[in-house]
Novice: 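Quick one: this structure, given as structure tokens, is what I'll be asking you about.
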Amino acid sequence: MEQIFEGVKEIGVQIYQAIKEGETGKAETFNTSGDQQIKLDILSDQIVEGVLREIDSVKEIISEEKSEPVRFREEGYLVAYDPLDGSSLVDADLTIGSIFGIYTGGYTGKDIITAGYLLYGPRLELVWATGEGVRHYRFKKGEFQLVGELKLGERGKILGPGGTQAKWYKFHKELIDSLFQKGYRLRYSGGMVPDIHQILVKGGGLFAYPGTTDRPQGKLRKLFEVFPFALIVEKAGGLAVDGVRRLLELGYSGYADTTPCFFGSRAEVEEVLEVYRANTPFK
Ligand code: P6P
């Protein structure tokens, strides 16, 4: 696992360089989720594959930008990753990131053992969740230096309400409005990595990407985005649910499967569970 952690650091340095110097234009291709790719998506995926291929403990990888896994060897860890999440924000010079889930045996929520993400913003940063907790690193003077531990308290003050508001279920809109009525501050950039990172750094709050009338299974992908962040948020002392159950209890049927997802400190996510368990169609 140490080799993978070191590999992710190398990936971060290379992708950050590519963002600063590379082309941000659109490619002619689309990924398996139907998102039109930008040239940096393809380059970032190539960087990740190139580094992970050389790590003896990696059996295979699957990327949000690929339709099938790539097998390197017969034994080892499985790595599912989103090489450049929120890449459409790069032309606005907003913070984006790479997300990594390290799995053993399969790609269900029960198979994930480690997760982390890279942040490409004013600084290059790395967050890595292991058995001991969630560690936060910052790239300074040529290396990633430990900033500290990320922990969630009981409740926070910020709220990231994803999804097309015109397509929210009525009970979901009432839940979000009630939180704003309690004084929560809107913190939503359209990038899952910085939006959840902000909640982790501030010690609490809620990020919600619900099912909607046009997309009942939500938008965020289980293997590459949801399971990694569910592990990270739980290791930081928070909760991660689909509205009625822990996200890490979920399986999947297709590599691009999505799920409604809520991540955050305990008090807010318990409010989500109470509302969702009382409402159809989530019973
Ligand atoms: P919307 C980025 O494309 C992404 O996959 C996540 O990073 C982000 O949370 C979500 O989609 C934003 O979706 O519908 O608000 O544009």
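Each ligand, and each atom within it, is numbered from 1 in the order the structure gives. All values derive from a computational prediction rather than experimental measurement. Residue numbers count from 1 along this sequence.
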Novice: Which ligand 1 atoms are under 4.0 Å away from a heavy-atom of G86?
Specialist: 2 (C)

Novice: What's the shortest heavy-atom distance between M192 and I99, and which atoms?
Specialist: SD-CD1, 4.4 Å

Novice: Would you mind reporting whether W128 and T114 have side-chain heavy atoms less than 4.5 Å apart?
Specialist: yes

Novice: Mind checking whether F207 contacts ligand 1 via backbone (N, CA, C, O), side chain (CB onward), both or neither, at a 4.0 Å heavy-atom cut-off?
Specialist: side chain

Novice: Among protein heavy atoms, which sits nearest to atom 15 (O) of ligand 1, and what does the distance come to when rounded to 0.1 Å?
Specialist: Y188 OH, 2.6 Å

Novice: Please classify the L220 to ligand 1 contact at 4.0 Å (heavy-atom distances, strictly less than): side chain, backbone, both or neither.
Specialist: side chain

Novice: Mark up the atoms of ligand 1 that fall under 4.0 Å of a heavy atom belonging to E225, in ascending order.
Specialist: 5 (O)

Novice: If you count heavy atoms of other groups shown closer than 6.0 angstrom to CG of D93, is the number above 12?
Specialist: no

Novice: Which heavy atom of the protein is the closest neighbour of atom 7 (O) of ligand 1, given with residue, atom name and distance?
Specialist: D85 OD2, 2.4 Å

Novice: Of the options Y137, F100, Y77, which is the one that meets F5 in a ring-ring contact (aromatic ring centres under 6.0 Å, His included)?
Specialist: Y137

Novice: Let's go through Y184 and F180 carefully: what are the C-alpha distance in whole Å and the side-chain angles of both, what is the deciding distance for ring-ring contact (aromatic ring centres under 6.0 Å, His included) to 0.1 Å, and is it a yes or a no?
Specialist: CA-CA 5 Å; Y184 278 77; F180 281 128; 7.9 Å; no

Novice: So is G190 touching ligand 1 or not, going by heavy atoms under 4.0 Å?
Specialist: yes

Novice: Please identify which atoms of ligand 1 are closer than 4.0 Å to at least one heavy atom of R221.
Specialist: 5 (O)

Novice: What's the shortest distance from atom 14 (O) of ligand 1 to any protein heavy atom, and which residue and atom give it?
Specialist: Y209 OH, 2.6 Å

Novice: How far is atom 13 (O) of ligand 1 from its nearest protein heavy atom, and which residue and atom is that?
Specialist: K219 NZ, 3.0 Å

Novice: Is the distance between the ring centroids of Y276 and F262 under 6.0 Å?
Specialist: yes

Novice: So is K20 actually on top of Y16's ring, under 6.0 Å and inside 45° of the axis?
Specialist: yes

Novice: Once you restrict to heavy atoms under 4.0 Å, what part of K167 touches ligand 1? Side chain, backbone, both or neither.
Specialist: neither

Novice: Can you see which heavy atom on R221 is nearest to which on A256, and at what distance?
Specialist: CG-O, 3.7 Å

Novice: Within the structure, is a non-hydrogen atom of G191 found at a distance of less than 4.0 Å from ligand 1?
Specialist: yes

